[in-house]
Amino acid sequence: MRQGTFQDAHQFTAKWEGGLSDHPADRGGLTAYGATLGFVQEIAATASGKNFLQAIGVPLPVTKAVMRQLRPGQVAAMFRRERWDALRLDELPFRQAALIYDAAVNHGPAQAVKLSQRGYNRCVVHGVKLAVDGILGPLTRKALQTDTDKVVREILEARREFYEGIVAARPDQGVFLKGWLNRTNDLEKLLLA
């Protein structure tokens, strides 16, 4: 079973998120290393968030010009605070934490947890399935301690189906499908090596 830390998970995610992007079909709009303008503005919307951004050297207010100046380390600090730490992913086995973290950066925390809940539920033969509610509560945390290769594979399969559902509902997003599936396949190689 692979062990790791936030840095290990983020290294994978950062590779796939890339640098500065402003693809016209990307519903996230202007993105720097995976952080959308809206994500950074949400952090800046609270007093503690403003203090945090200032502490890591992000000028306020958050504008497109500020986004273009972000550095990878600043974005990593934001994702650590808003995704890894907020979801208390250090409390999960690394593979489960990495699955949720990468999906949380890509889809937001609630959708990331739903994907894990769906994948886990596919493995339940006898017993109670998890509510697919996007809440990383005590029952989901306990269930995800079951860190088997089968659970990992089923969570990844749930993610593939999620991507395919996006494209089915919004065909203009098809331009991203190959990259999304490649990312999922690469994550599978990392976690099942």
With sequence neighbours left out, what residues match [X] under side-chain contact (heavy atoms from CB on, under 4.5 Å)?
X	result
A77	F52, I56
F6	H10, R80, W84, Y101
S21	H23
E157	R122, E154, R160, E161

Listed partners of D149 passing side-chain hydrogen bond (donor to acceptor under 3.5 Å, both in side chains), at least two apart: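 Listed in chain order: R95.
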Heavy atoms from other residues, nucleotides or ligands near CD of Q145 exceed 12 (cutoff 6.0 Å):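 Above 12, so yes.
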Crowding at CZ, R170 (>12 non-hydrogen neighbours, <6.0 Å):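 Above 12, so yes.
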For [X] and [Y], indicate whether the former's side chain and the latter's backbone hold a donor-acceptor pair under 3.5 Å.
X	Y	answer
Q117	G134	yes
Q74	G57	yes
T140	G137	no
N121	L130	yes

Nearest heavy-atom neighbours spanning [X] and [Y]:
X	Y	answer
T5	D8	N-OD2, 2.9 Å
A112	A104	CB-N, 3.3 Å
G49	R81	N-NH2, 3.9 Å

Salt bridge (Lys or Arg N to Asp or Glu O under 4.0 Å) partners of residues 102-112, not counting sequence neighbours, each pair once: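 Every pair satisfying salt bridge (Lys or Arg N to Asp or Glu O under 4.0 Å) with a residue in residues 102-112: D102-R159, D102-R183.
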Where at least one partner belongs to residues 133-143, residue pairs that pass salt bridge (Lys or Arg N to Asp or Glu O under 4.0 Å), sequence neighbours excluded: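 Non-adjacent pairs meeting salt bridge (Lys or Arg N to Asp or Glu O under 4.0 Å): E91-R141.
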Roughly how far, to the nearest 0.5 Å, is [atom2] of [Y] from [atom1] of [X]?
X	Y	atom1	atom2	result
L191	L156	CG	CG	6.5 Å
F94	L190	CZ	CG	6.0 Å
T184	I155	OG1	CD1	12.5 Å
L92	L87	CG	CG	9.0 Å
E17	F12	CD	CZ	10.0 Å
I100	L144	CD1	CG	5.0 Å

With clusters defined by side-chain heavy atoms of hydrophobic residues (ILVMFWY) lying less than 4.5 Å apart, directly or transitively, does [Y] cluster with [X]?
X	Y	answer
L115	L187	no
V105	L89	yes
L181	V152	no

Can you sort out the partners of [X] under salt bridge (charged side-chain N to carboxylate O under 4.0 Å, His left out), two or more places apart, ordered by chain and number?
X	answer
K189	none
R118	none
R83	none

Please tabulate, one pair per line, all N/O donor-acceptor pairs under 3.5 Å involving side-chain atoms of residues 30-41, not counting sequence neighbours.
unit_1 : atom_1 : unit_2 : atom_2 : d
T31    : OG1    : G29    : O      : 2.9
T36    : OG1    : F39    : N      : 3.0
Q41    : NE2    : V62    : O      : 3.2

Set of residues satisfying ring-ring contact (aromatic ring centres under 6.0 Å, His included) with respect to Y163, sequence neighbours excluded: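 Per chain and number, Y163 pairs via ring-ring contact (aromatic ring centres under 6.0 Å, His included) with H107, W180.
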Side chains of [X] and [Y]: does their closest heavy-atom pair fall under 4.5 Å?
X	Y	value
T146	Q96	no
K15	D186	yes
W16	N106	no

Criterion side chain to side chain contact (heavy atoms under 4.5 Å, CB included) on I135 and V113, from CA distance to verdict: CA-CA 6 Å; I135 298 169; V113 174; 5.7 Å; no
